Amino acid sequence: MHVLILGGTTEARALAGLLHPGTRVTSSLAGRVAEPRLPAGEVRIGGFGGPDGLAAWLREHAVDAVIDATHPFAERISFNAARAAATAHVPLLALRRPGWVPGPGDDWRDVGSLEEAARALDGFGRVFLTTGRLGLAVFAERPEWFLVRSVDAPDAPMPARTEVLLDRGPFTLGGERELIARHRIDVLVTKDSGGAATAPKLSAAREAGIPVVVVRRPPVPEGVPTVATPEEAVAWVAERHGR
């Protein structure tokens, strides 16, 4: 059985490790990170050329099942995967980590886009921006001071008053506390990525009494079965393999 896993997420790597070597696994990475953490099994890097290109690849490589384990904000590939799987008549599963939920003491400002997040910064002075290196142009004209954290160095344009912190999760609560205090952060901006690796910043923001501007997740394809954990995805593969 040949399984194609889309995504370089923590869940995708865990899933590849659980399936390999008993199942042939190919993990597809977008190539946006210079030195990605490689999963077990076969790896390909780069796009497929849209849904038609992906459908052709599925046929050419005799893929028996596709698991979309991409980042919750990788909207395009999820819709491409749904179209390609339907075209190639290959079963598709979505592995989507649950989103974050505010708790007592949290001050979350819910927005629908990075553009809305930028407008929500009026009245603040020092911003901890953790939305990744892509999309910084949206904040380029903002007057606030920004601490921008990303895995790889971001490209211009970006805010004029910016300090870049190159780092990769998982992060610790102690480390996030220290960052917020040292840089005198008064607002955190994040996407609702979910997962434990980057969640400590939310606890640190709550402890510091600062608000969090949270960008909602984009829509997902309808009709695609979804699980929340790699273990559930393994069970789904086993069910397909046993048929």
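Please read all numbers here as calculations on a predicted model, not as lab measurements.
Evaluation of the side-chain hydrogen bond (donor to acceptor under 3.5 Å, both in side chains) rule for K191 yields no partner, not counting sequence neighbours.
Between V148 and T131, the closest side-chain pair of non-hydrogen atoms is not below 4.5 Å. At a threshold of 4.5 Å between non-hydrogen side-chain atoms, the residues V66 and L6 count as touching. The closest side-chain heavy-atom distance from R24 to M1 is not below 4.5 Å. In this structure, V234 and L19 have side chains that are in contact, with non-hydrogen atoms separated by less than 4.5 Å. The side-chain heavy atoms of V220 and S78, taken from C-beta on, include no pair separated by under 4.5 Å. The side-chain heavy atoms of L166 and V151, taken from C-beta on, include no pair separated by under 4.5 Å. Considering only heavy atoms from C-beta on, L54 stays 4.5 Å or farther from T87 through its side chain.
Within 6.0 Å of the CZ atom in R76, the count of heavy atoms belonging to other residues, nucleotides or ligands does not exceed 12.
A distance of 8.5 Å separates CG of D68 from CG of L93, quoted to the nearest 0.5 Å.
Applying the ring pair (Phe, Tyr, Trp, His ring centres under 6.0 Å) test to residues at least two apart or on different chains, the pairs with a partner in residues 109-157 are F139-F146, W145-H183. Applying the side-chain hydrogen bond (donor to acceptor under 3.5 Å, both in side chains) test to residues at least two apart or on different chains, the pairs with a partner in residues 207-216 are D110-R216, R177-E207.
Classification of R149 and E176 as a salt-bridged pair holds, one side-chain N sitting under 4.0 Å from a carboxylate O. The pair E144-R126 does not count as a salt bridge, with every side-chain nitrogen at least 4.0 angstrom from each carboxylate oxygen. A salt bridge is absent between D152 and R168: the closest approach of a Lys/Arg side-chain nitrogen to an acidic carboxylate oxygen does not fall below 4.0 angstrom. A salt bridge links D107 to R109: at least one charged side-chain nitrogen sits closer than 4.0 Å to a carboxylate oxygen.
Between H71 and F73, the angle of the ring planes lies from 30° to 60°, which puts this pair in the tilted group.
Between the D192 side chain and the G99 main chain, no donor and acceptor come within less than 3.5 Å of each other.
E232 and T229 share a donor-acceptor pair across their side chains, judged by distance under 3.5 Å alone.
The cationic group of R44 lies under 6.0 Å from the six-membered ring centre of F48 and within 45° of the ring axis, placing it in a cation-pi geometry.
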